[in-house]
Amino acid sequence: MPKPIRTRFAPSPTGALHCGTVRTALFAWLLARHSDGQFLLRIEDTDQKREVEGGTENIKETLRWLGLEWDEGPDVGGPHDPYIQSQRLDIYKHHAQQLYDKGLAYADPYSVEELEALRKQAMAAKRPFLYRDHRPENPPAWDGSQPLRIKLDTKSYNWNDAIMGTIEMGPEMVDDYIIMKADGFPTYNFCHIIDDHLMGISHVLRSQEFIASIPKFLATHEALGWETPINAIAPPVLGETGGTKLSKRLGAKPVLWYRDQGYLPEALINFMVSLGWNDGTEQEIFTVEELIEKFSLDRVQRSGARFDEQRLVWMNGAHIRALDLDDLYSRVQSYWPESASAFDDDYKRQVLSLVQERLKFFAELPDLTSFFYEDLPLNPELISGHKQLKKLEHAELRGLLEQGRERLMESDFSIQDLTERLNNLLETTGQKPAILFSLIRIATTQAPASPGLAETLSVLGKERSLSRIESQLDAFET
RNA sequence: GGCCUCAUCGUCUAACGGUUAGGACACCGGGUUUUCAUCCCGGCAAUCGGAGUUCGAUUCUCCGUGAGGUCACCA
């Protein structure tokens, strides 16, 4: 009988989550959902020095926004409660004590400075530092105030990684390491193994920087007498400019920044998963449901992928276009320009339907729509900088615009009627659309870009359209 | 420096050892009665180098090279 699939995301509350970290969480979540397993959230707060205010809250908020719900963890509880490591200290201490009692762990008599000196020495000699070369012969009794080190066998390991395949590492990768710090807290290396075991985690997904530590983890399982879970190393997410890993230091934006800019969570998920995974077909846009259905570890890439924001922007636009108007409307509510508040839902919905296909992220909404809600100041550069209109005299432009005004005055401003009259105007003036429509468009919007002319005028309405044409006409007088 | 991982268009990637090396983003051109966008059509653009195995290597092996990771009382 196969073991149930249980995966986890185990971040430290050390700052806002960015896409690099969350991509690995996403893989773990998809694996669990794909196989009808469970996904757990565990907070690894064993380093009080690095913990930042609100860190845990940010983690939960990020996951919730993305829809990566956890089946067990903070807030929701579960059979292995608590899921916050600082509340599980006695568990780690218990296992540490057992190792100590069996002679598999010993107190470390060195000071931080002494260790540092030994380490420098090794580096200077261009050799890896191995603590076991300095293993004390008669270590002092452990009273909890000294760091406790696990005593590990010196041997090679090879194992099968669910993503990377077979990996082999020599004995120099296994060394005695600290499992309990002098402050009474366990180290990550030790306590995450205990938790993963106790919580029944079947697949441990870690990002690539942990690969060199896996022999240590394997050795620790042996010392504890535990079976090892399936390991899976996810490839790194690289920064925009390539080279190094995406990180806070390199200016990686918090995931919630994308939320605030008006990115869709499903688009960000689609994008993040595409950084290192594909389904083998040419499909690029996936719904979350499709990803759950199709995801598998054996199609995860081994090489790193750059975070290309341009591609994310495109993908977000594609997801926005796929939304139905009501859904989109309810999502953009907080992004409208100030001036939109004077307008009713029906009007705003019409505006939205006109800009849906050109919206890349919601923060663009004011730039794209403000002229629907307020009279923008006349912008002469729109005409003086227009490649066709700039060639005409103001008198000519005024003449054309006056004809336009006459024709529009007769219209009921339905899209159909406007289209007919506008086409008719093309004939009677003998003008190209590039001139006539541009002129009317600029006069009525004062914006560098807008949706189709008839649609725009129809939404704007007769009164506002004509009064804006008057203003433009006045400008031509002078 | 030891150890480990990785290596296809600028970017994300596809390709049972047999393809004119495919798609997408970006960029450039054209079309869809103006602009921006959408959509459609077209263009540019890649197997890191060298050996070997093979009738045939992007694919397998080895050696280089390059990039990244790791060698914490951080995770």
Side-chain angles (χ1 to χ4, degrees), chain A residues 10-12 14 44-47 49-50 108 110-112 115-116 119 122-131 146-149 161 164-165 167-173 175 177-183 185-189 191-192 206-215 233 235-236 238 240 242-245 271 274-285 301-308 310-315 317-318 321 355-360 368 382 386 388-389 419 422-423 426 431-442 445 447-453:
Chain A
S12 294
T14 53
E44 309 222 320
D45 58 343
T46 55
D47 184 0
K49 292 186 291 291
R50 289 207 315 156
D108 181 349
Y110 294 100
S111 70
V112 179
L115 247 25
E116 188 50 35
R119 216 169 265 129
M123 289 305 254
K126 296 187 185 300
R127 300 185 48 210
F129 171 73
L130 285 173
Y131 184 91
Q146 319 98 310
L148 186 70
R149 268 184 204 265
D161 184 279
M164 306 300 280
I167 304 176
E168 202 173 328
M169 290 194 195
E172 63 288 328
M173 296 310 286
D175 192 20
Y177 71 93
I178 289 174
I179 59 175
M180 295 296 287
K181 298 182 266 187
D183 64 3
F185 279 74
T187 57
Y188 159 82
N189 291 145
C191 62
H192 92 278
R206 297 188 189 86
S207 59
Q208 177 259 190
E209 73 237 49
F210 290 109
I211 192 166
S213 305
I214 291 189
I233 291 293
L238 275 19
E240 201 111 25
T244 52
K245 195 182 66 139
F271 176 71
S274 78
L275 259 26
W277 178 88
N278 69 82
D279 75 341
T281 73
E282 286 177 355
Q283 185 170 353
E284 307 274 348
I285 303 296
Q301 209 82 222
R302 285 189 281 271
S303 54
R306 285 198 207 183
F307 188 93
D308 178 6
Q310 264 185 332
R311 191 174 155 82
L312 169 61
V313 168
W314 162 74
M315 199 170 265
R321 271 171 256 133
V355 298
Q356 177 169 16
E357 70 183 25
R358 68 203 68 210
L359 193 56
K360 304 292 192 202
L368 256 28
L382 291 176
H386 187 105
Q388 313 264 359
L389 297 181
T419 305
L422 256 11
N423 285 343
L426 241 25
Q431 279 298 345
K432 293 183 295 189
I435 290 181
L436 188 64
F437 289 179
S438 291
L439 178 61
I440 298 174
R441 196 191 66 73
I442 289 168
T445 65
S450 69
L453 185 53

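Note that this is a predicted model, so its numbers are computed, not measured.
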| query | Could you state the CD-C1' distance from A/E116 to B/rA72, rounded to the nearest angstrom? | reply | 9 Å

| said: My understanding is that a pair needs two contacts under 3.5 Å, Watson-Crick or G-U wobble. By that rule, which nucleotide pairs with B/rU34? | reply: none

| remark: Rounded to whole Å, the CE-C1' distance (A/M123 to B/rC3) equals 12 Å

| query | Roughly how far, to the nearest 0.5 Å, is the CG atom of A/L422 from the CZ atom of A/F437? | reply | 4.0 Å

| remark: A/Q310 atom CD is separated from B/rC12 atom P, nearest whole Å, by 13 Å

| What's the closest nucleotide to the A/P147 side chain, out of B/rC73, B/rU34, B/rU70? | B/rC73

| message | Once you apply a heavy-atom cut-off of 4.0 Å, does A/L426 come out as touching a base, just sugar-phosphate, or nothing? | response | base

| query | Using atom P of each nucleotide, how far apart are B/rA24 and B/rA14 to the nearest Å? | reply | 15 Å

| note | Against the side chain of A/N423, the closest entry in B/rU33, B/rU35, B/rA75 is B/rU33

| note | Taking B/rU13, B/rU5, B/rA75 as options, the one with an atom nearest any side-chain atom of A/I167 is B/rU5

| Nucleotide forming a Watson-Crick or wobble pair with B/rA7, both distances under 3.5 Å | B/rU65

| request: Considering non-hydrogen atoms only, spot the tightest contact between A/L115 and A/D108 and give its length. | output: CD2-OD2, 3.8 Å

| Contact class for A/G452 vs. all strands (heavy atom < 4.0 Å): base, sugar-phosphate, or nothing? | base

| message | Rounded to whole Å, how long is the line connecting atom CG of A/L436 with atom P of B/rU34? | response | 12 Å

| said: With rounding to the closest Å, how many angstrom separate the C1' atoms on B/rU58 and B/rU47? | reply: 5 Å

| request: For nucleotides B/rG42 and B/rG22, find the distance between their P atoms and express it as a whole number of Å. | output: 14 Å

| remark: Winner on side-chain proximity to A/M169, out of B/rU35, B/rC4, B/rU38, is B/rC4

| task | Could you check how far CZ of A/F437 sits from P of B/rU35, rounded to whole Å? | result | 11 Å

| task | With RNA chain B as reference, determine whether A/R441 or A/Q146 sits nearer its 5' end, using the nearest nucleotide of each. | result | A/R441

| query | So, the side chain of A/R119 versus the backbone of A/P128: is there a donor-acceptor pair under 3.5 Å, distance only? | reply | no

| query | Touch check for A/P11, heavy atoms < 4.0 angstrom, all strands: base, sugar-phosphate only, or nothing? | reply | nothing

| message | Under 4.0 Å, counting only non-hydrogen atoms across every strand here, what does A/K49 touch: a base, just sugar-phosphate, or nothing? | response | sugar-phosphate

| said: Minimum heavy-atom separation for A/I435 and A/L389, please, with both atom names. | reply: O-CD2, 3.6 Å

| message | For A/R441 versus A/A449, what's the shortest heavy-atom pair and its separation? | response | NH1-C, 3.5 Å

| said: So, under a plain 3.5 Å distance rule, would you say the side chain of A/R302 forms a donor-acceptor pair with the base of B/rU5? | reply: no

| request: Can you tell me, in whole Å, how much space there is between the P of B/rA72 and that of B/rA26? | output: 44 Å

| task | Could you please name the option among B/rU33, B/rC6, B/rA75 that lies closest to any side-chain atom of A/P433? | result | B/rU33

| remark: Side-chain atoms of A/I211 come closest, of B/rC6, B/rC4, B/rG22, to B/rC4

| field | Presence of salt bridge, A/R311 and A/E284, under 4.0 angstrom | value | yes

| query | B/rG2 and B/rC44: how far apart are their P atoms, nearest whole angstrom? | reply | 45 Å

| Does any nucleotide pair with B/rG2 by Watson-Crick or G-U wobble geometry, both distances under 3.5 Å, and what is it? | B/rU70

| P gap between B/rG29 and B/rU35, integer Å | 14 Å

| Contact class for A/F210 (heavy atom, under 4.0 Å): base, sugar-phosphate, or nothing? | base

| said: Under 4.0 Å, heavy atoms only, any strand: does A/S303 hit a base, just the sugar-phosphate, or nothing? | reply: sugar-phosphate

| query | Distance between the P atoms of B/rG23 and B/rC60, in whole angstroms? | reply | 24 Å

| Shortest side-chain distance from A/W314, nucleotide among B/rC4, B/rA26, B/rC3 | B/rA26

| said: If you compare all heavy atoms of A/A447 against all heavy atoms of A/L382, which two are closest, and at what distance to 0.1 Å? | reply: N-CD1, 3.7 Å

| Any side-chain donor paired with an acceptor under 3.5 Å for A/T281 and A/D279? | yes

| message | I'd like to know if A/Q283 reaches the base of B/rG23 with its side chain, counting only an N/O donor and acceptor under 3.5 Å. | response | no

| Which nucleotide in B/rC12, B/rC73, B/rA75 has an atom nearest any side-chain atom of A/R50 | B/rA75

| task | May I ask you to say what A/T281 touches in the nucleic acid, namely base, sugar-phosphate or nothing, with a heavy-atom cut-off under 4.0 Å? | result | nothing

| task | Could you please name the option among B/rG69, B/rC74, B/rU11 that lies closest to any side-chain atom of A/R306? | result | B/rU11

| query | Taking the nucleotide of RNA chain B with the closest heavy atom to each, which residue, A/T419 or A/A10, is nearer the 5' end? | reply | A/T419

| When you measure from the side chain of A/D308, which nucleotide among B/rA14, B/rU33, B/rU11 comes out closest? | B/rU11

| request: Pick the P atom in B/rU61 and in B/rC16, then give their distance to the nearest Å. | output: 16 Å

| How close or far is atom C1' of B/rU34 from atom CG of A/L453, stated in whole angstroms? | 8 Å

| Rounded distance (Å) that lies between atom P of B/rG23 and atom CG of A/D279 | 17 Å

| said: Applying a 4.0 Å non-hydrogen cut-off, can you work out what A/R149 is touching in the nucleic acid: base, sugar-phosphate, or nothing? | reply: sugar-phosphate

| remark: In Watson-Crick or G-U wobble terms, with both distances under 3.5 Å, the base opposite B/rG42 is B/rC28

| Residues, nucleotides or ligands: over 12 heavy atoms within 6.0 Å of A/R321 CZ | yes

| request: Pick base, sugar-phosphate or nothing for A/A434, based on heavy-atom distances below 4.0 Å to the nucleic acid. | output: sugar-phosphate

| For the pair made of CD in A/E284 and C1' in B/rG22, what is the distance, rounded to whole Å? | 12 Å

